Number of protein chains: 2
Amino acid sequence: MGSTPQVRRKVTLSDIAAGCNVSRATVSLVLRGSPLVNKHTRARVEEELRRQGYVYNRAAANLRRRTSSSIALVLNDLANPFFAEFAAGVDEAVAGAGFVTLLGSTAESPAREEAVLGSLVEHGPGGIILSPAEGSDARKVLAAVGSHMPLLLFNRELDGSVPEIAHWDTLALDNQRGAQMATEHLIALGHKRIAFFGGHRDSSSCRQRREGYRQAMHAAGLRVESHWMVESAPTRLDAARQTAALFAGKTSPTAAVCYNDAVALGLMLGLYQHGRRPGHDFAITGFDDIAEAQVSMPPLTTLSTVPRERGKQAAALLMQRLQHPDTPVGHTIAPVKLVVRESSCPPPAA
Amino acid sequence: MGSTPQVRRKVTLSDIAAGCNVSRATVSLVLRGSPLVNKHTRARVEEELRRQGYVYNRAAANLRRRTSSSIALVLNDLANPFFAEFAAGVDEAVAGAGFVTLLGSTAESPAREEAVLGSLVEHGPGGIILSPAEGSDARKVLAAVGSHMPLLLFNRELDGSVPEIAHWDTLALDNQRGAQMATEHLIALGHKRIAFFGGHRDSSSCRQRREGYRQAMHAAGLRVESHWMVESAPTRLDAARQTAALFAGKTSPTAAVCYNDAVALGLMLGLYQHGRRPGHDFAITGFDDIAEAQVSMPPLTTLSTVPRERGKQAAALLMQRLQHPDTPVGHTIAPVKLVVRESSCPPPAA
DNA sequence: TGCTGCATTTGTAACGATCCAAATGGCCGG
DNA sequence: CCGGCCATTTGGATCGTTACAAATGCAGCA
């Protein structure tokens with residue numbers, strides 16, 4: 001039935017035009033649903049499009065129209081579930097707007113980031129969503145993307161960023177407020193000796209979370225022992241390894257605000273290995289609310305960031321910028337929500 | 001220093017040509033590193049490129065050369081860590097070959113899959129890597145991508161696929177052999193009553209894993225009770241919910257081969273809730289070796305699929321196909337490796 | 001009949017790159 | 001001094017689409 005053995009070359013708009021004796025211009029109008037074309041003509045053309053199996057060449061159209069139909073998404077770590085969810089959200093919104101997503105991942109390497117950005121920019125995305133690699137430099141990024149490319153920075157800041165060159169929008173989580181809420185929650189439960197566990201001191205998100213923690217402690221008039229600030233890679237494995245450091249000093253904490261969920265889960269494991277029972281004799285909070293948080297043992301009290309929503313939001317913000325290139329840059333801070341589960345118990349009776 | 005306030009229009013090759021009194025053709029040759037150009041000329045042109053902040057327009061070049069510099073990656077569930085790792089692997093290899101990845105995710109909906117494929121195809125990728133949505137139909141996919149688009153199917157089969165129309169390559173995990181290995185491992189430990197837990201009966205990977213399980217059981221002369229075959233959504237949560245079903249009949253199993261790691265971890269949780277201790281009085285194996293498998297409690301015996309490697313492999317296979325479009329289609333089965341950890345214990349002494 | 005107005009349709013020049021055949025200019029041998 | 005050769009450069013057509021101004025045809029009306 002109507003099988004046309006389409007062999008070599010791709011079908012173009014000229015083929016369609018020739019196939020039903022109209023001009024290329026008319027076919028183009030049909031493709032774009034213009035009301036100018038006669039409805040009988042339109043029908044003939046559409047039939048021919050179907051018959052020949054035409055596929056639109058958006059690259060050619062974009063070239064002529066000087067438009068773009070893609071956005072680039074560059075992530076420091078796609079394999080991380082947080083960013084994977086984020087990416088899914090971005091793609092969902094981007095696709096909803098009729099765009100496609102160009103993906104790039106940098107594996108936390110500023111050098112790769114530069115290369116990836118360079119390569120993606122050549123493909124002419126309308127804008128870029130970037131979650132920078134650790135140590136990524138503002139001037140380098142700017143050089144790679146150019147000063148007129150709409151750019152949305154997610155989740156982290158760039159090193160050496162000064163207001164004069166920063167033409168980009170940002171979307172960040174409310175790290176400080178989140179850590180503050182977690183700390184206040186533990187304080188309300190009766191804890192007095194609370195640690196801040198995990199993360200790299202020099203990452204911007206870690207700095208902000210520590211700051212929130214410190215403020216809450218200070219506001220409650222509680223001391224912070226220096227050995228309660230434990231650094232670790234933001235992974236389960238390294239967190240488990242660093243557990244012992246918490247109990248190295250003479251005054252042991254009874255609770256810990258963790259840098260993120262991965263670290264919190266690692267700490268749980270480490271506690272079990274030290275013979276302690278998280279959720280019974282030690283309270284823990286996380287950050288992110290990853291899928292495992294609700295089924296860990298015990299279920300983890302944490303700050304929900306809803307990464308998929310953040311992805312959609314990031315895409316929406318970038319689309320905004322595409323439509324209004326000349327509005328002043330915006331800095332959005334997404335609220336986070338405290339989700340209380342069993343890992344945050346009161347301190348053991350003194 | 002040398003800051004040229006580049007305002008509106010993008011810099012094109014003509015601008016460079018004009019800027020140093022050579023023809024566009026010469027600039028083009030320089031861009032592509034042709035040995036034809038005089039090295040003094042090349043230097044002048046390169047200086048001008050830098051000075052004006054030129055960025056290559058790959059879309060225009062692709063149009064003229066009738067080539068492509070992208071591949072499309074369409075996933076049924078990007079938020080799943082297995083696919084996120086896979087995507088990271090694909091992107092790594094694709095970027096290494098100087099291509100970019102066009103991302104699409106379908107949220108397990110065949111309708112969205114069709115739309116996403118249609119949209120991506122218009123952007124002219126050189127080929128497509130597709131992990132189909134559940135229930136995705138072969139003819140529909142074929143209609144969306146056309147019969148000449150290089151296509152690699154990953155992880156699942158398409159419904160209604162018949163050899164006459166299947167021009168695509170495939171890359172699959174060795175599901176059957178993997179489940180067989182897991183089952184044999186449990187049998188070697190002394191288990192006789194072994195269940196197969198989780199997954200959707202009609203997904204191709206679940207069928208294959210069940211088949212491997214059945215073969216191993218049969219080869220060992222062991223019975224399979226019907227209530228030992230428990231279905232669940234492939235998620236932790238639903239798996240935890242279905243746990244009770246395992247112990248509904250009169251003969252309870254002492255071990256379970258799980259559809260995948262998520263299910264296995266859910267089952268662990270369910271067992272704890274039923275007062276059993278996985279790794280002590282009940283043995284469990286998973287499938288995938290996701291990151292959590294090594295830090296769960298107890299650490300999970302599972303089949304390692306190395307999704308990132310699969311991603312690289314998928315990209316490599318597709319690149320192969322791009323270079324040799326006329327070689328016969330290939331069906332690759334990636335081996336899996338049994339990783340023994342503490343979750344697979346011997347049966348409790350009778 | 002000639003003119004205007006409307007609904008359609010169309011030719012042609014772009015968009016930014018590449019391909020190709022042909023031009024340029026310098027140098028060498030005869 | 002000329003022809004030929006080499007190394008280099010170049011104009012113009014082209015990829016598949018869209019913008020735009022202009023053409024077409026037909027109906028209505030004075």
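Each chain gets a letter, A, B and so on, in the order the sequences are listed, and its residues count up from 1. As the structure is a prediction and not an experimental result, all values here were calculated from the model.
Where A:Arg64 and B:Leu36 meet DNA chain D, the nucleotide closest to each residue was compared, and B:Leu36 sits on the side nearer the 5' end. With the nearest nucleotide of DNA chain D identified for both B:Leu29 and A:Thr12, B:Leu29 has the one nearer the 5' end.
Residue contacts shown for B:Ala25 include a base, since a base heavy atom lies under 4.0 Å away.
Spacing between atom CZ of A:Arg42 and atom C1' of C:dT8 amounts to 12 Å, rounded to whole angstrom units. Here C:dT10 presents its P atom at 15 Å from CD1 of A:Ile16, a figure rounded to the nearest Å. As rounded to whole Å, 12 Å separates atom P of C:dC19 from atom CG of B:Leu31. Straight-line distance from the CG atom of A:Asn38 to the C1' atom of C:dT9: 10 Å, rounded to whole Å. Between the CG atom of B:Asn21 and the C1' atom of D:dT10 there is a distance of 13 Å, given to the nearest Å. Put simply, CZ on A:Arg32 is 11 Å from P on D:dT17, counting in whole angstrom units. Taking atom CG of A:Leu49 as the reference point, atom P of D:dT17 lies 10 Å away to the nearest angstrom. Rounded to whole angstrom, the span from the CG atom of B:Leu63 across to the P atom of C:dT18 amounts to 11 Å.
The aromatic rings of A:Phe83 and A:Phe154 sit perpendicular, their planes meeting at an angle over 60°, well past the 30° parallel limit.
Taking 4.0 angstrom as the limit, B:Thr41 places none of its side-chain polar atoms (N or O) nearer than this to OP1 or OP2 of D:dT8. Checking the phosphate oxygens (OP1, OP2) of D:dG11, no side-chain nitrogen or oxygen of B:Ser23 falls inside 4.0 Å. Between B:Arg58 and C:dA17, a side-chain N or O to OP1/OP2 separation shorter than 4.0 Å is absent. Distances shown here put every side-chain N or O of A:Arg66 at or beyond 4.0 Å from the OP1 or OP2 atom of C:dA14.
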*Determine, stepwise, if the pair B:Arg44 / B:Glu47 fulfils side-chain contact (heavy atoms from CB on, under 4.5 Å).*
CA-CA 5 Å; B:Arg44 257 172 52 228; B:Glu47 165 59 18; 5.7 Å; no

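A donor and an acceptor atom never sit less than 3.5 Å apart when one is taken from the side chain of B:Arg24 and the other from the base of D:dT10.
For the pair A:Glu108 and A:Arg156, the salt-bridge criterion is met [side-chain N within less than 4.0 Å of a carboxylate O]. Using a 4.0 Å cut-off between charged nitrogen and carboxylate oxygen, A:Glu92 and A:Arg308 count as a salt-bridge pair.
Set against C:dG16, C:dA17, D:dT8, the side chain of B:Leu13 has C:dA17 as its closest nucleotide. In this structure, of C:dA17, D:dT18, C:dT10, it is D:dT18 that holds the atom nearest to the side chain of A:Ser28. In this structure, of C:dT9, D:dT9, D:dT17, it is C:dT9 that holds the atom nearest to the side chain of A:Val37.
Of the candidates B:Ile16, B:Asp15, B:Val45, B:Tyr54 forms a side-chain contact (heavy atoms from CB on, under 4.5 Å) with just one, namely B:Ile16.
From B:Thr26, atom OG1 reaches atom CG of B:Asn21 across 11.5 Å, with rounding to the nearest 0.5 Å. Once rounded to the nearest 0.5 Å, the distance linking CH2 of A:Trp168 with CZ of A:Arg321 reads 13.0 Å. With rounding to the nearest 0.5 angstrom, the NZ atom of A:Lys140 is 9.0 Å from the OG atom of A:Ser136.
Over its full length, the helix from C:dT1-D:dA30 to C:dG30-D:dC1 turns its helical axis through 80°, comparing axes from the five pairs at each end and rounding to 10°.
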